[in-house]
Q: 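Structure in structure tokens, see below.
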There are 2 protein chains.
Amino acid sequence: MAETAGRRADAQRSIAVILQAAVEALSRDPDASVSEIAKAAGVGRVTVYGHFPNRADLVDAALAHAIEQGRSSLDEVDLAGDPGEALTRLIDSSWQLVDRSRSLLQAAQSVLSPDRIRTLHAGPAERVQKLVERGRAEGVFRDDLPTEWLVGVMHSVMHHAADEINAARLAPEEAGGYIAATVLAAFRPPGS
Amino acid sequence: MAETAGRRADAQRSIAVILQAAVEALSRDPDASVSEIAKAAGVGRVTVYGHFPNRADLVDAALAHAIEQGRSSLDEVDLAGDPGEALTRLIDSSWQLVDRSRSLLQAAQSVLSPDRIRTLHAGPAERVQKLVERGRAEGVFRDDLPTEWLVGVMHSVMHHAADEINAARLAPEEAGGYIAATVLAAFRPPGS
DNA sequence: CCTAAGTCGAACATCGATGTACGAGTTATC
DNA sequence: GATAACTCGTACATCGATGTTCGACTTAGG
């Protein structure tokens, strides 16, 4: 659904504006209704259903859209050089994305299957995974825990930071530093 | 509400069984309805409303009950000796509690205010906080990040482990070791 | 300029959950 | 054993959200 293939120009525009509105609305409130999203998009509720068969598919498309948008920002990160420094750079730019769309993710979790969400995240996750494996091969990162676990921990720490900011217990400027300091320490080999 | 004070004996029994059923039902499904909880408790739905004014109050009481139950289990942990080893012991016994009631927590998050949840968790959190501060004073734990942040990270890693187990990507037996290894590394002072 | 595609709002059917009301039956407790 | 507390089921009112249908209007695109 929502294939922009043969659709007319104004239909494509509608789909784009709906998608964008869905991302923004769900990023504010994970329980945003279709009505609210339609209103935010400046579009009738029926129009939304004209492009997306149901709410779940809309949330799916919104998450995919947000991830796709984030990808370009992640592509600019220099992953060469010392794995530790590269990871720091990667964290700096990806953590903000996580923060922004954390509510959107929650929306997805309550409507989409875990497998589906995992599939949607495959792209970004693989990027981190590769870097971790390289750092591991160079002896900079620890070797006694699975890479999937380490990647997950990084994710989890970022989510925690987002929660803390959201609760006004952490200043947004400091988050990046905290996360990097924590994750790098967690990734370091046991004996050092 | 649900004060067991002057209530009759059978009423107290009802409240107890409802509370227990609520904890179990919400631990399976965070969106469990009042009907489901009542059925699980072997009690009429109206009876539930006779003791708890609304669903939110019931969830609140259920979370409080679960935390109180966990407290006794946490009380047995020996927090003396090397902070690192004490933390390992504390993680081992508390992480399972987090796992079991992770769905319940999600239920609470969608119905209770963040402040309220924080208040309910004050007891267990303080326990960890104290230990971290001691380890910090002894130079075993890092000093360059706020204790609240460190405690939060530990929480966050445990939640992540629970998610992984729940998704069948992590064996329950290994979780404890993974968590301890990760958290201890994250807590170690930067230069070592 | 003609037609098909798209949009609109309003209305409708459905659904599940919440919370309340009632009346009759049970059971604790004094 | 009498009374007040408790429980039960059923029924009801309400609510909000979902998804569909309809008919009229607008607009893109050959």
Side-chain angles (χ1 to χ4, degrees), chain A residues 1-22 25-26 28-63 103-104 106-113, chain B residues 1-22 25-26 28-63 103-104 106-113:
Chain A
M1 312 310 161
E3 299 295 340
T4 39
R7 309 298 172 101
R8 230 170 57 179
D10 57 347
Q12 295 185 20
R13 220 180 318 139
S14 280
I15 292 176
V17 70
I18 289 172
L19 230 35
Q20 187 59 34
L26 292 170
R28 270 182 311 238
D29 173 17
D31 295 322
S33 69
V34 176
S35 295
E36 290 170 328
I37 293 173
K39 188 176 297 181
V43 137
R45 193 171 65 99
V46 273
T47 302
V48 174
Y49 280 105
H51 295 298
F52 303 90
N54 52 47
R55 189 179 180 279
D57 279 28
L58 175 57
V59 173
D60 187 308
L63 180 58
S103 171
L104 169 59
Q106 187 179 338
Q109 279 168 339
S110 70
V111 165
L112 271 38
S113 80
Chain B
M1 311 315 160
E3 298 295 339
T4 39
R7 309 298 172 102
R8 233 171 57 178
D10 56 348
Q12 296 184 20
R13 221 181 317 138
S14 281
I15 292 176
V17 70
I18 289 172
L19 229 37
Q20 188 59 36
L26 292 171
R28 270 181 312 232
D29 174 16
D31 296 323
S33 69
V34 176
S35 294
E36 290 170 328
I37 293 173
K39 188 176 299 180
V43 138
R45 193 172 65 98
V46 275
T47 302
V48 174
Y49 280 103
H51 295 299
F52 303 90
N54 51 48
R55 189 176 179 279
D57 279 30
L58 174 57
V59 173
D60 186 310
L63 180 58
S103 170
L104 169 59
Q106 187 180 337
Q109 279 169 340
S110 70
V111 166
L112 269 41
S113 80

Q: Does B:Ser14 place a side-chain N or O at less than 4.0 Å from the phosphate oxygens OP1/OP2 of D:dT7?
A: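 Yes, B:Ser14 has a side-chain N/O under 4.0 Å of OP1/OP2 on D:dT7.
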Q: By the definition side-chain contact (heavy atoms from CB on, under 4.5 Å), identify the one residue from A:Val34, A:Leu19, A:Thr47 that meets it with A:Phe52.
A: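 Between A:Phe52 and the candidates, side-chain contact (heavy atoms from CB on, under 4.5 Å) is satisfied uniquely by A:Leu19.
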Q: How close do B:Ala21 and B:Ile37 get, heavy atom to heavy atom, and via which atoms?
A: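 B:Ala21 and B:Ile37 have their closest heavy atoms at CB-O, 3.9 Å.
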Q: Treating primed atoms plus P, OP1 and OP2 as sugar-phosphate and everything else as base, which nucleotides of nucleotides 12-28 of chain C get B, S or - for protein heavy atoms under 4.0 Å?
A: ------BBBB-----BB
Q: Considering non-hydrogen atoms only, spot the tightest contact between A:Ala22 and A:Leu58 and give its length.
A: CB-CD1, 4.2 Å
Q: Mind grabbing the angle between the end helix axes of the helix from C:dC1-D:dG30 to C:dC30-D:dG1? Five pairs an end, 10° rounding.
A: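 Result, rounded to 10 degrees: 30°.
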Q: Test side chain to side chain contact (heavy atoms under 4.5 Å, CB included) on B:Gln20 and B:Val17 and set out the steps.
A: CA-CA 5 Å; B:Gln20 188 59 36; B:Val17 70; 5.6 Å; no
Q: Report the C-alpha distance between B:Ser14 and B:His51 in whole Å, list the side-chain angles of each, state the deciding distance to 0.1 Å, and finish with yes or no for side chain to side chain contact (heavy atoms under 4.5 Å, CB included).
A: CA-CA 9 Å; B:Ser14 281; B:His51 295 299; 4.1 Å; yes
Q: Within the structure, does a side-chain N or O atom of A:His51 lie under 4.0 Å from either OP1 or OP2 of C:dT7?
A: yes
Q: Which heavy atom of A:Ala56 sits nearest a heavy atom of A:Val111, and at what distance?
A: CB-CG1, 3.3 Å
Q: Mind checking side-chain contact (heavy atoms from CB on, under 4.5 Å) for A:Asp31 and listing every partner two or more places apart, or none if nothing turns up?
A: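 Result, side-chain contact (heavy atoms from CB on, under 4.5 Å) vs A:Asp31: A:Asp29.
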Q: If I compare all heavy atoms of A:Pro30 with all of A:Ala107, which pair ends up nearest, and what's the gap?
A: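 Looking at all heavy atoms of both residues, the shortest contact is O-CB, 3.3 Å.
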